[in-house]
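Below, chains carry the letters A, B, ... as their sequence lines are ordered, and counting in each starts from 1.
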Amino acid sequence: MADAGADRNDVDKVLAGDVNAFADLLRRHQDHVTGIVRRHVPPDRVAETAQDVFVRAYRSLSNFREGDRFRQWLSAIAVRTCYDFWRRRYRRREVAVSQLSEAHRAWLERVHATDADETWQTLGNRAEAREVLDWTLAQLSAEDRMVIELVHLEERSVQEAAKLLGWSVANVKVRAFRARRKMHSLIEKRLS
Amino acid sequence: MKPKEALIDRLDGVFRQAHASRPAPPLDSRWPEAVMQMIRGIPVPEGWWSFSLLVWRLAPATGALALVTLVVLSQLLPFPDVELFRLWDNEIQLLSLAGF
């Protein structure tokens, strides 16, 4: 709550012309923003995208409302900046769909065969898990990718995802259902 | 081997784990200063005192006020609705008689 008051105070200072007050907002929320960004964009683009988030936040600071919480407001900007990153990439067809190797196929088979919870944890932490996940996500649209990541992978509620993306709840619900089905049919095709 | 549905459920869990464990690349210690340098190059965002923003923010209230004024004025008019219609109708008839 103290942070919320300090945030409001710093926002007012920036709007009154004291640009340096933004440094305090940056310091206070930098970990939170990079925490969101690193889960949605490739590692080599995290710094640049997080920078984009703060620049956008600065530019639209006058839209920050009295009753809003700065961290939530900033989270929505972070998620939408990541979405725009993928939209640009897909539009320029920069999303490379690599082929799954034999190692990935073997990893999928191991997931299929194992029963123990601990083994799943180990399998989820392996590099192959991220590579298979990235391979699948690369074949979805930017919209489907964001919905899958927010709703299925981060287990956020549909309402929360809709708020972060600025979409309707119905849109997120329908997209989440279809995108998950699409994702699984891609995996099934690889296995069959 | 389990049925495909079991694999799908399991994959959801494993993918969640993989997504959560994405490595956090270390940010350069000069990163905040680089962001601030970029921000200092941007004009200060317009606050509440900006005229155009003020117009937009007051637009709904202005619209509502105009509507209320219209309703009040219509109640204050000395002629009832029927009389107004008759006046309007007569005017049309006069115009048609005059050959317009």
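Each of A/Leu153, A/Asp134, A/Ile148 was evaluated against B/His19; a single residue qualifies, A/Leu153, per the side-chain contact (heavy atoms from CB on, under 4.5 Å) test.
For A/Arg27, no part sits under 4.5 Å from any heavy atom of chain B, backbone or side chain. Contacts between A/Glu149 and chain B at a heavy-atom distance below 4.5 Å involve backbone atoms as well as side-chain atoms. Proximity to chain B is absent for every atom of A/Ser60, based on heavy atoms less than 4.5 angstrom apart. Within the 4.5 angstrom heavy-atom criterion, no atom of A/Asp44 approaches chain B. Contacts of A/Leu26 with chain B are made by side-chain atoms alone, with heavy-atom separations under 4.5 Å and no backbone atom involved.
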Original post:
Can you list the steps and then say if B/Ile42 with A/Arg59 is a side chain to side chain contact (heavy atoms under 4.5 Å, CB included)?
Top reply: CA-CA 8 Å; B/Ile42 303 169; A/Arg59 282 186 198 277; 3.6 Å; yes
**OP:** List the steps and the verdict of side chain to side chain contact (heavy atoms under 4.5 Å, CB included) for B/Phe15 and A/Met183.
**Re:** CA-CA 11 Å; B/Phe15 279 158; A/Met183 189 170 154; 3.4 Å; yes
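Proximity to chain A among residues 26-33 of chain B is limited to B/Leu27, B/Trp31, B/Pro32, judged by heavy-atom separations below 4.5 angstrom.
Across B/Ala34, B/Pro43, B/Pro25, B/Ala20, the residue that shares the most heavy-atom pairs under 4.5 angstrom with chain A is B/Pro25. If you tally non-hydrogen atom pairs under 4.5 Å between each of A/Val11, A/Thr136, A/Asn20, A/Asp18 and chain B, the highest count goes to A/Asn20.
For CZ of A/Arg178, the number of neighbouring non-hydrogen atoms (other residues, nucleotides, ligands) closer than 6.0 Å is 12 at most. Within a 6.0 Å sphere centred on NZ of A/Lys163, other residues, nucleotides and ligands contribute 12 heavy atoms or fewer.
Side-chain heavy atoms closer than 4.5 Å link hydrophobic residues (I, L, V, M, F, W, Y) into clusters, and following such links, possibly through other members, connects B/Met38 to A/Val53. A/Val172 and A/Val174 sit in two unconnected hydrophobic clusters of ILVMFWY residues. Membership requires side-chain heavy atoms under 4.5 Å apart, directly or through other members. When the side chains of ILVMFWY residues are joined at heavy-atom separations under 4.5 Å, either directly or via intervening members, A/Met146 and A/Val169 end up in a single hydrophobic cluster.
Side-chain N or O atoms of A/Arg38 include one that pairs as donor or acceptor with a backbone N or O of B/Arg22 at under 3.5 Å.
A/Val19 and B/Met36 get closest at one heavy-atom pair: O-CE, 3.6 Å.
To the nearest 0.5 Å, the span separating CD1 on B/Ile39 from CZ on A/Phe22 amounts to 4.0 Å.
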